[in-house]
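Worksheet for the structure shown next.
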Amino acid sequence: MYQYSAQDKQFLVERVDQFEKQLKRHLSGELDEAKFRSLRLRNGLYMELHAHMLRVAIPYGTLSSEQLRALADVADKYDRGFGHFTTRQNIQFNWIQLPEIANLLRDLIDAGLHAIQTSGKATRNITADPLSGLTEGEIEDARPYCELIRRWFNLHPEFSWLPGKFKIAINGAKLDETALRIHDLGLRLVRNEKGELGFRVFVGGGLGAAAMVGAETAAFVPVVDILSYLESSLRIYNLKGRRDHQKKLRIKFLVRELGANEFSRLVDEDWQQTKNDPELKLNLNELESLKKDFALPIEPINLDRFKETVNFNYSIWKKNNVRIHKVSGYSIVNISLTKLGSAPGDATSEQMRILATLADQFSSGEIRTTKRQTIVFPYVRMDQVFDLWKSLEEYDLSSPHQGTLAQIVACPGRDYCDLAKAVSIPIATRVQERFNDMNKLLDIGDLNINISGCENSCAHHHIADIGLLGMQKNGEEYYQITLAGETLRETNIGKKLGPSVSGETIVDAVEDIVNVYIDNRQQEEKFTDVFKRIGITPFKEKVYG
Amino acid sequence: MDEIKNPINLINKEYKTINLVTFEEWLEDSDKLSKLGIGVILDPSNDVGLIKESLDSIELIVLDFRNFDDGRGYSQAYFLSKRWKFKGEIVGINAHLDQLQFMIRSGITSYQLLESYKGFNEEDYSSGFSICYQAAANNSGLNLKY
């Protein structure tokens with residue numbers, strides 16, 4: 001598994017020292033709040049409703065068991081024994097004391113973890129498919145590219161004070177688990193007609209109040225030229241992006257105002273000046289070395305004679321949580337942290353340690369985090385899946401919800417976040433209570449519900465089958481419903497169903513929608529396919545009729 | 001609020017023989033001004049491309065960094081320094097301590113801090129890190145890894 005070198009760790013030490021100095025100057029009144037805000041955010045630190053929140057990066061969603069233990073230790077030592085896995089594959093700690101931040105960050109350095117650029121108006125943590133390297137038909141594992149691009153934009157002198165935040169996702173797999181076209185910039189690994197490797201580039205996607213699907217700005221950028229192309233894209237954004245309007249800071253507004261063609265033309269014009277600069281070529285030696293570091297730690301094994309254990313609960317869990325691995329003899333296991341009433345993505349330090357131990361035992365010590373706030377064990381031998389399940393059962397981690405409606409994505413909501421307009425987690429709990437029959441859940445099948453407490457859309461409600469967005473109406477909590485958002489096969493923003501629905505009746509509305517789906521689907525038809533076939537009207541009539 | 005020095009006085013103090021004009025003044029009268037060995041002050045909103053053709057007749061360029069979150073000056077510095085190889089000084093004025101290393105690596109050749117940073121040890125902030133993860137306009141003396 002890829003690990004930071006001593007040199008990289010020394011950099012992290014220096015970064016923490018620098019941040020500690022900035023914090024001290026702020027506390028002694030030498031650094032005003034506005035500047036400190038800008039500086040602390042680019043180190044992952046938020047001032048929240050009840051305490052301070054620190055977001056720690058999990059680059060491309062890959063963790064070693066050692067790193068997960070380090071995070072568990074931080075949860076105990078500096079938080080209340082909890083961590084919260086986010087929809088961008090990172091982890092947040094919600095109860096941090098300001099004077100302890102530097103020591104917390106120092107504790108993470110040994111494990112090669114940090115909070116650099118997990119927030120602020122700079123390039124953020126780069127996300128990748130949590131199944132990178134694991135699925136059939138993938139062009140290549142995206143993670144070595146993520147790492148090289150992450151490095152390049154780490155405290156980049158020219159692009160650290162952008163108009164707004166800048167999120168990048170890279171995908172090399174057939175199905176887009178990263179939702180790259182809702183990112184500020186999305187890269188899809190592709191091969192051209194000569195069989196050469198490169199990237200198809202999409203710019204200007206995003207959720208929030210003005211949800212947009214990213215436009216293609218380049219059909220093929222050779223791998224070796226990607227840094228210069230990204231620089232040109234960021235340079236046009238840095239110089240021309242809106243800085244005058246708080247709600248129009250993201251690159252999607254620039255792309256919309258200029259038009260995707262004009263934006264692409266400007267980027268290309270700049271890029272023609274830099275693409276041959278040898279300093280900006282991707283370091284192919286380093287890429288090869290990283291490919292070795294990220295190589296799968298397993299070899300195919302012959303398990304033809306292996307017979308699966310027959311057990312009803314195990315079968316249900318396995319059907320929902322286990323996927324086929326491209327390496328024969330192995331499985332990919334998805335572990336849901338969802339519990340009634342708990343915030344999706346929340347994990348206790350004890351759970352983190354248990355998962356670390358189980359990962360050592362069953363998954364070559366590697367763990368992945370997903371945008372659905374679940375945990376993936378990427379390398380489980382098929383003949384050990386049952387033993388893993390038994391251990392998960394023992395620790396109450398064998399929720400068979402993965403891929404069912406009960407695996408809800410929700411932001412912290414009004415219970416925890418001062419931006420939120422309405423609660424999220426209690427709605428998730430009520431939906432789970434309404435659909436608590438496993439037979440019914442299995443019958444409904446793969447259907448996702450995402451709940452955001454405000455237009456910041458932290459729970460990505462626009463790209464769910466059923467999306468709920470919290471809002472205030474006459475001092476009461478209401479939810480706007482969007483349907484048939486998707487990113488896996490193609491990218492579509494969910495369509496608004498109609499007027500928002502009160503918190504009191506929102507779960508009835510969700511049930512109505514699910515029932516329209518079940519009544520109309522043919523065989524294994526997905527929710528989005530039914531929606532495309534029958535249109536929005538039957539859903540409207542049921543909910544508002 | 002930081003106290004902002006009059007940039008014209010400030011630059012005159014440092015570069016006694018160089019007179020400064022604004023970007024607009026330069027564009028209006030560049031033929032005449034180009035014979036005088038003059039410097040130009042840019043605002044972050046100015047399109048630096050408009051002076052590209054006349055760089056050889058400009059002695060010095062001043063970029064203004066007073067607005068902490070406005071990153072356009074870094075791209076302006078990049079164009080002047082790396083892309084167009086401007087030979088004169090590129091001076092960053094109204095600079096912030098915590099941004100010095102970004103300015104220097106973007107191509108700023110000298111800087112003047114805002115008054116409010118008086119008393120701080122600049123070297124603590126301008127020297128940067130033992131390793132840099134990218135090539136930029138100014139890589140001199142740096143240990144690069146990418």
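Protein chains get the first letters and strands the later ones, always in sequence-line order, with residue 1 at the start of each.
For B/Phe129, the parts lying under 4.5 angstrom from a heavy atom of chain A are both the backbone and the side chain. Only the side chain of B/Asn139 comes within contact range of chain A, with at least one heavy atom under 4.5 Å from a heavy atom of that chain. If you measure heavy-atom distances from A/Lys240 to chain B, you find no contacts under 4.5 Å at all. For A/Leu234, no part sits under 4.5 Å from any heavy atom of chain B, backbone or side chain. Only the side chain of B/Leu97 comes within contact range of chain A, with at least one heavy atom under 4.5 Å from a heavy atom of that chain. Heavy atoms of B/Asn143 lying under 4.5 Å from chain A belong exclusively to its side chain. For a residue to count as touching a neighbouring chain, one of its non-hydrogen atoms must lie under 4.5 Å from one of that chain's; by this rule A/Asp8 touches chain B with backbone and side chain alike. At a 4.5 Å heavy-atom cutoff, the contact between A/Arg25 and chain B is made by side-chain atoms alone.
Environment of NZ in B/Lys85: crowded, with over 12 heavy atoms of neighbouring residues, nucleotides or ligands closer than 6.0 Å. Within a 6.0 Å radius of CZ in A/Arg37, other residues, nucleotides and ligands contribute 12 heavy atoms or fewer. The environment of A/Gln246 atom CD is sparse: at most 12 non-hydrogen atoms of other residues, nucleotides or ligands sit within 6.0 angstrom.
At a heavy-atom separation below 4.5 angstrom, chain B is approached by A/Asp270, A/Gln273, A/Thr274 within residues 263-274 of chain A.
Counting all heavy atoms, side chain and backbone alike, A/Trp152 lies closest to B/Ala135 at CH2-N, 3.4 Å. The shortest non-hydrogen separation linking B/Gly71 to A/Asn238 is O-ND2, 3.0 Å. A/Pro157 and B/Ser106 get closest at one heavy-atom pair: O-OG, 3.4 Å. Between A/Glu279 and B/Tyr146, the closest heavy-atom pair is O-OH, 3.5 Å.
Between the side chain of A/Glu14 and the backbone N or O of B/Ser130, at least one donor-acceptor pair lies under 3.5 Å.
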- [ ] Kindly determine whether B/Lys82 and A/Glu158 satisfy side chain to side chain contact (heavy atoms under 4.5 Å, CB included), including the steps that lead there.
- [x] CA-CA 12 Å; B/Lys82 167 125 190 192; A/Glu158 189 183 347; over 6 Å; no
- [ ] Mind running side chain to side chain contact (heavy atoms under 4.5 Å, CB included) on A/Gln22 and B/Asp98 for me, showing each step along the way?
- [x] CA-CA 8 Å; A/Gln22 290 165 343; B/Asp98 300 281; 3.1 Å; yes
Task: Evaluation steps, side chain to side chain contact (heavy atoms under 4.5 Å, CB included), between A/Phe159 and B/Tyr74 - done: CA-CA 8 Å; A/Phe159 307 117; B/Tyr74 303 92; over 6 Å; no
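With respect to the salt-bridge test (charged N to carboxylate O, under 4.0 angstrom), the residues B/Asp69 and A/Arg243 do not qualify.
Between A/Leu239 and B/Phe79, some side-chain heavy-atom pair lies under the 4.5 Å cut-off. Side-chain contact check for A/Glu231 versus B/Gln134: every heavy-atom pair is 4.5 Å or farther apart.
Of the listed residues (A/Lys121, A/Arg150, A/Gln10, A/His156), the one with the most heavy-atom contacts under 4.5 Å to chain B is A/His156. Options A/Ser38, A/Pro163, A/Ala34 differ in how many heavy-atom pairs under 4.5 Å they form with chain B, and the most are formed by A/Ser38.
B/Tyr133 is linked by a ring-ring contact (aromatic ring centres under 6.0 Å, His included) to A/Phe11, counting only residues two or more places apart in sequence or in another chain.
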